[in-house]
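To start, the structure under review is shown below, and the notes come after it.
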Amino acid sequence: MTETPRSDAFVFFGATGDLAYKQIFPALYAMQRRGHLDMPVIGVSRSSWDKAKLVQRARDSISQHGQIDEQVFSGLAEHLEYVSGDYQDQDTYRCLRAALGQARRPLHYLAIPPGMFDVVVRGLAQSGCAGEARVVVEKPFGRDLATARKLEAMLTETFAPGSIFRIDHYLGKEPVQNLLYFRYANVFAEPIWNRHHIDSIQITMAESFGVQGRGSFYDGVGAVRDVIQNHMLQVVSLLATEPPPAGHPDAVRDAQCRVFQAMCPVLPQDAVLGQFQGYQSEPGVAAGSRVETYAALRLAIDNERWSGVPFFIRSGKCLPVTATEVLVKFKPLRHAVFDTTPSNYFRFRISPDVLLCVGARVKLPGEAMAGETVELTAHHQAADEMSPYERLLGDALRGDPALFARYESIEAAWRVVTPLLESGAAPLPYEPGSWGPKQAEGLTAAVGGWHDPKPPDSKR
Ligand code: BG6
């Protein structure tokens with residue numbers, strides 16, 4: 001890849017908000033600890049704060065996420081600057097330009113409601129803060145195909161295509177990257193990774209909590225836009241690529257893009273949407289809201305490798321556990337010498353703990369050639385790994401787009417969920433703490449039902 005110059009400042013809009021608190025400060029602190037942060041870090045927001053208040057907010061956020069090393073923190077605090085102002089007011093951007101000093105290639109992170117993107121981008125352009133800059137935009141990218149196109153057109157008026165970083169933090173997760181690595185680094189995986197051997201694939205992203213005070217954001221979004229169109233379909237794309245040519249920097253994204261384009265739109269009869277009981281009493285949620293907090297669907301990929309193999313995706317709030325898992329279930333052997341059911345599988349536990357499990361048949365002791373399924377498990381002990389946000393912010397500062405969503409993939413992903421978004425069907429109610437509406441069971445009936453992830457400490 002041709003070397004692109006590193007950004008020389010990091011600017012984050014929405015500095016007093018939830019995303020900055022939960023993700024950006026801890027990522028900046030981790031970068032500082034590794035000696036990767038050698039530039040001004042400027043928080044921008046409407047609140048009339050000052051630098052001291054921003055530093056305090058950073059301290060609160062970081063201490064919520066672990067121990068603070070005072071030396072590291074004071075290094076971070078030295079980089080921090082705060083610009084307060086209305087996003088509509090051109091003075092805010094003049095102050096930002098002044099705070100940037102000599103910096104000419106800032107990375108701007110738009111951790112703000114999407115409704116403000118164009119105002120801020122215009123402000124950046126008019127104040128000379130955008131010239132050689134990069135920009136990071138959070139998912140969901142648009143609300144649907146039409147708004148994604150509008151957003152892309154608006155961004156490309158100001159930023160070069162290679163300077164737009166569409167973040168999806170699932171792509172920065174080690175166990176998600178491992179899905180691709182595992183497939184193509186193992187001789188026992190790659191040759192059987194196709195419709196001849198795979199029966200079905202399930203992905204469950206379950207969360208035992210509700211909307212956690214994000215009701216007003218969530219009620220404008222819902223599960224399909226919040227996690228299915230982006231996180232879950234990105235996981236599918238990594239599970240389903242054709243082999244990317246080795247050593248070509250954009251090969252994986254090319255291969256992912258072709259998978260997105262081969263995904264069939266999900267029709268309402270192939271999906272079940274739900275809403276947990278009590279959702280409508282959450283602060284910020286509209287009375288009578290028809291927004292889904294749960295979605296389960298069957299996805300088909302229309303190509304030679306995957307024809308006839310269903311991908312089942314399910315995600316929801318207020319489910320029994322918080323866990324994300326991928327289950328790749330194989331077909332039984334064609335010529336069955338012995339009993340091969342239930343058949344083999346790979347189970348990838350993505351979070352909160354990281355496991356790789358192989359479901360294998362072994363002989364039971366005794367005279368009969370009869371067996372049972374045992375699970376061989378590799379448990380990954382996280383060491384000093386980068387969080388997804390640390391990894392992705394570092395990549396964006398370096399100008400490396402490999403783990404960011406391609407615009408063409410995002411368009412294709414919107415096409416996949418459009419029939420669902422347009423169906424207008426009211427979500428089915430479900431009990432908090434249950435696995436969602438009973439009707440979702442029908443989707444996976446033909447493959448033996450849903451695989452329900454267990455809490456971290458229990459077996460299977
Ligand atoms: C975010 C969604 O993108 O991902 C949240 O907006 C969700 O609703 C979160 O809870 C889950 O991320 P993770 O990394 O905790 O699985």
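Whatever order the structure lists them in is the order used to number ligands and atoms, beginning at 1.
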request  = Measure the distance from atom 12 (O) of ligand 1 to every protein heavy atom, then report the residue, atom name and distance (to 0.1 Å) of the closest one.
outcome  =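 Answer, as residue, atom name and distance: H169 NE2, 3.2 Å.
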ask   = Identify the closest protein heavy atom to atom 16 (O) of ligand 1: which residue and atom is it, and at what distance?
value =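 Of the protein heavy atoms, Y170 OH, 2.6 Å lies nearest.
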Would you kindly say whether [X] and [Y] are connected by a side-chain donor-acceptor distance under 3.5 Å?
| X | Y | answer |
| --- | --- | --- |
| Q280 | Q275 | yes |
| R183 | T241 | yes |
| Q202 | E325 | no |
| E375 | Y345 | yes |
| Y430 | T293 | yes |

message = Suppose we call two aromatic rings close when their centres sit under 6.0 Å apart. Are F165 and Y109 close by that rule?
response =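 For F165 and Y109, the ring centres are not under 6.0 Å apart.
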ask   = Looking at the rings of Y279 and Y294, which for Trp means the six-membered one, are their centres under 6.0 Å apart?
value =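 Ring centres of Y294 and Y279 not closer than 6.0 Å.
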ask   = Taking both backbone and side-chain atoms of K139, is any N or O found less than 3.5 Å from an N or O belonging to ligand 1?
value =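 Min N/O separation from ligand 1 is below 3.5 Å for K139.
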inquiry  = When you compare ligand 1 with T324, is there at least one nitrogen or oxygen pair between them that comes in under 3.5 angstrom?
reply    =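 It does not: no N or O of T324 is found under 3.5 Å from an N or O of ligand 1.
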query = What do you reckon, does D226 put a non-hydrogen atom under 4.0 Å from ligand 1?
reply =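 It does; at least one heavy atom falls under 4.0 Å.
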ask   = With a 4.0 Å cut-off on heavy atoms, is Y218 touching ligand 1?
value =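 Contact check Y218 vs ligand 1: negative.
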Which of the atoms in ligand 1, numbered in the order shown and given with their element, are less than 4.0 Å from a heavy-atom of [X]?
| X | result |
| --- | --- |
| K317 | 5 (C), 7 (C), 8 (O), 10 (O) |
| E207 | 7 (C), 9 (C), 10 (O), 11 (C) |
| H231 | 1 (C), 3 (O), 4 (O) |
| K173 | 13 (P), 14 (O), 16 (O) |

